[in-house]
Amino acid sequence: MSPAPPEPFYICGPTASGKSALALAYARKLDGEIINADAFQLYRGIETLSAAPSLTEIAQSPHHLYGVLAPSTPNDAGSYRSLALPIIQRIQARGKTPIITGGSGLYLKFLTHGPAPLPRADASLRVELDGLPLGELVARLTELDPLEASRTALENRRFVSRALEICLLSGRKASALRDGWEAQTARISGKLRGIVIQRPREILHQRIARRTRIMLESGAIQEVAALADVSSHCEKAIGFREIRCLLRGEIDLSTCGELINAATRQYAKRQETWFRREQWLSPEKI
RNA sequence: GGCCCGAUAGCUCAGUCGGUAGAGCAGUGGAUUGAAAAUUCACGUGUCGGCGGUUCAAAUCCGUCUCGGGCCA
């Protein structure tokens, strides 16, 4: 009888909190291999902009799922799960510990809790729904699935659109499809091992400012310039828009840095809100 | 030295005929299972530059001082 495969170890927390460095430490400690759980470090061509691990870091331990997608490739949490699961299994089969590292809360939760039994996104339907006024989306959702409408933040176009999309694609009520899934996943609570990095807000802001400065000095501008003609999925990365403004001469370098700083701070706050609520790991102060 | 303009939230500014003030940004908290570095919701007491005066009542009118900026010497 073969021994049980090593359980994955999760390292998460807000941006610029030091996840990559901690992952390396744990890779040594647990004889592990690192797997990315960051939505934008998946992409090639924005390694600096997305603060992906450096070549020096990557050389120290096997790293997986960094720079594996072309900039124009769309992605979502479900696709990420499909990419990550086989890699986790292969690492475990070698007797190594998967060290899953990243700050994309939704991606992590898809990995740990699995997808709800819902139809996946449909690009052409989204184009169609995007053309309708929010009021109409709300009206259609309310008609098809009043229960789901009552549970949805109706001011949030994305959420309304997604709920309606589920109803239209499945021909069933989104509320019915979602039911049961949450209860099923509740058992995972507190069972997984890992760390949520927490730092005082002030310290985190200092780290963000430092990282933004280094990023702008060490190639992020060139990365965005190189993608100038590409209509890419990764345009949503923080810093992309700001650097494009810089390249067009609309703002100066210091303004660009300030805008990126502010956007990164806001992102870090959203991540903290997410991880504060997620109780499947026990938070550990660093 | 003289004249003019400005000083209001952390920042940029609005504030009508005098009735003790509100936007954007920043910040904080929340939502968030298939776009998530996305999307979205909520939260505004501050010596209205200081001191005096007029007035029932002053961010608002008057005087004066301080600090910016400008013009003329």
Side-chain angles (χ1 to χ4, degrees), chain A residues 12-17 19 36-43 46 49-52 69 72-83 102-123 125-127 129-130 134 137-138 148 151-166 169-170 174-175 177-186 188 201-202 204-205 208 211-212 215 220 224 232-243 255 258-278 280:
Chain A
C12 38
T15 188
S17 60
K19 296 184 292 296
N36 172 38
D38 181 292
F40 285 82
Q41 290 175 8
L42 289 167
Y43 286 98
I46 54 167
L49 189 72
S50 67
L69 298 179
S72 57
T73 312
N75 194 52
D76 61 45
S79 305
Y80 167 73
R81 176 181 159 88
S82 305
L83 289 171
S104 296
L106 184 67
Y107 282 25
L108 281 160
K109 201 168 179 194
F110 256 73
L111 195 53
T112 56
H113 290 60
L118 304 171
R120 59 185 311 165
D122 181 278
L125 181 56
R126 285 191 175 182
V127 169
L129 296 180
D130 282 350
L134 177 60
L137 298 179
V138 170
E148 183 71 2
R151 293 170 175 173
T152 302
L154 298 176
E155 328 77 45
N156 191 333
R157 189 185 176 90
R158 287 265 169 103
F159 290 2
V160 174
S161 182
R162 171 61 183 157
L164 186 55
E165 177 183 62
I166 293 168
L169 291 175
S170 68
S175 54
L177 294 171
R178 284 195 209 273
D179 273 346
W181 179 77
E182 280 186 26
Q184 189 187 324
T185 60
I188 296 171
R201 190 60 63 83
E202 194 185 331
L204 192 61
H205 285 185
I208 287 170
R211 199 186 64 185
T212 300
M215 180 184 291
V224 173
S232 59
H233 183 77
C234 60
E235 282 175 349
K236 290 192 310 247
I238 289 171
F240 209 104
R241 268 170 54 93
E242 293 83 353
I243 291 176
T255 304
E258 269 317 301
L259 291 173
I260 293 175
N261 263 332
T264 308
R265 279 187 242 120
Q266 290 164 350
Y267 171 49
K269 190 165 76 66
R270 273 178 267 131
Q271 289 176 298
E272 288 186 326
T273 300
W274 178 284
F275 290 120
R276 211 174 280 147
R277 192 180 57 153
E278 295 300 321
W280 43 279

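Below, chains carry the letters A, B, ... as their sequence lines are ordered, and counting in each starts from 1. Since we're looking at a predicted model, the values are computed, not measured. As a basis for the values below, the full set of heavy atoms in this structure was taken, side chains included, without hydrogen atoms, waters or symmetry mates.
Taking atom C1' in both B:U28 and B:G34, the straight-line distance is 30 Å, to the nearest Å. Using C1' as the reference atom, B:U20 and B:C43 are 23 Å apart when rounded to the nearest Å. To the nearest whole angstrom, the two C1' atoms, one in B:G44 and one in B:G70, are 34 Å apart. B:G15 and B:G6 are spaced 16 Å apart, taking the C1' atom of each and rounding to whole Å. Distance check on atom C1': B:U60 versus B:A21 gives 11 Å, rounded to whole Å. Nucleotides B:U12 and B:G50 place their C1' atoms 24 Å apart, quoted to the nearest Å. The same atom, C1', is picked in B:G46 and in B:A7; the two are 15 Å apart, to the nearest Å. B:G18 and B:C61: their P atoms are spaced 8 Å apart (whole Å).
Across the interface with RNA chain B, nearest-nucleotide mapping of A:W274 and A:A237 shows A:W274 to be the residue nearer the 5′ end.
For the side-chain contact (heavy atoms from CB on, under 4.5 Å) test, residues two or more places apart in sequence or in another chain that qualify with A:R162 are A:L118, A:R126, A:E165, A:I166. For A:A268, the side-chain contact (heavy atoms from CB on, under 4.5 Å) test picks out A:P14, A:T15, A:L204, A:I208, A:Q271, with sequence neighbours left out. The ring-ring contact (aromatic ring centres under 6.0 Å, His included) check on A:Y43 picks up A:H233, with sequence neighbours excluded. Remark: A:F40 pairs with no residue by the ring-ring contact (aromatic ring centres under 6.0 Å, His included) rule, at least two apart or across chains.
Residue A:L108 contributes atom CG, which lies 16 Å from atom P of B:G34 at whole-angstrom precision. To the nearest angstrom, C1' of B:A36 lies 11 Å from CD1 of A:I238. Computed from coordinates, the A:L259 CG to B:G24 P distance equals 18 Å when rounded to whole Å. One atom, NE2 of A:H205, and another, C1' of B:G10, lie 14 Å apart when rounded to the nearest Å. When rounded to the nearest whole Å, the span between CZ of A:R265 and C1' of B:G10 equals 12 Å. Note: CD (A:Q271) to P (B:A31) measures 15 Å, nearest angstrom. What separates CZ of A:F275 from P of B:G29 is a distance of 16 Å, to the nearest Å. Remark: C1' of B:U28 and CD of A:E202 are 15 Å apart, rounded to the nearest angstrom.
The environment of CZ in A:R241 is sparse: at most 12 heavy-atom neighbours from other residues, nucleotides or ligands sit within 6.0 Å.
Within the nucleic acid shown, A:N261 has no heavy atom closer than 4.0 Å to any nucleic acid atom. Looking at heavy-atom distances under 4.0 Å, A:Q266 makes contact with sugar-phosphate atoms alone, never a base. Among the heavy atoms of the strands, none lies under 4.0 Å from A:I260. Across all strands, A:D38 comes closer than 4.0 Å to base atoms (heavy-atom distances). No engagement by A:G239 is indicated, since no non-hydrogen atom pair under 4.0 Å with the nucleic acid exists. Residue A:Y80 is classed as having no contact, given no heavy-atom separation below 4.0 Å to the nucleic acid. Using a 4.0 Å heavy-atom cutoff across all strands shown, A:R162 reaches at least one base atom of the nucleic acid.
Side-chain contact annotation: A:D76 with A:S79, donor-acceptor N/O pair under 3.5 Å present.
In the set B:A37, B:A36, B:A26, B:A37 carries the atom at the smallest distance from any side-chain atom of A:S104. Checking B:A38, B:G30, B:G34 against every side-chain atom of A:L118, the shortest atom distance belongs to B:G34. Proximity note for A:S50 (side chain, C-beta onward) versus B:A36, B:G27, B:A37: the nearest is B:A37. Taking the side chain of A:R276 as heavy atoms from C-beta on, and the options B:A37, B:G30, B:G34, the nearest nucleotide is B:G30.
To the nearest 0.5 angstrom, A:F240 atom CZ is 11.0 Å from A:E242 atom CD. Note: A:S17 OG to A:F275 CZ = 8.5 Å, rounded to the nearest 0.5 Å. Atom CZ of A:R178 is separated from atom CZ of A:R151 by 8.5 Å, given to the nearest 0.5 angstrom.
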Quick test: give all pairs of protein nitrogen or oxygen and nucleotides 39-43 of chain B nitrogen or oxygen below 3.5 Å, distance rounded to 0.1 Å.
unit_1: B:U39; atom_1: O4'; unit_2: A:R158; atom_2: NH1; d: 3.3
unit_1: B:U39; atom_1: O2'; unit_2: A:N156; atom_2: OD1; d: 2.5
unit_1: B:U39; atom_1: O2; unit_2: A:N156; atom_2: ND2; d: 2.9
unit_1: B:U40; atom_1: O4'; unit_2: A:N156; atom_2: ND2; d: 3.0

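In this structure, the side chains of A:L83 and A:Y107 stay at 4.5 Å or more apart for every pair of heavy atoms. A:L106 has its side chain out of reach of A:Y80: every pair of non-hydrogen atoms, C-beta onward, lies at least 4.5 Å apart.
Judged by distance alone, the side chain of A:S104 and the main-chain N or O of A:A39 form a donor-acceptor pair under 3.5 Å.
With a cut-off of 3.5 Å on both pairing distances, the Watson-Crick and G-U wobble pairs of RNA chain B assemble into stems of 3 or more at B:1-7 with B:66-72, B:10-13 with B:22-25, B:27-31 with B:39-43, B:49-53 with B:61-65.
Taking only side-chain nitrogens and oxygens, A:H113 never comes nearer than 4.0 Å to OP1 or OP2 of B:G34. Side-chain nitrogen and oxygen atoms of A:R201 include at least one within less than 4.0 Å of the OP1 or OP2 phosphate oxygen of B:G29.
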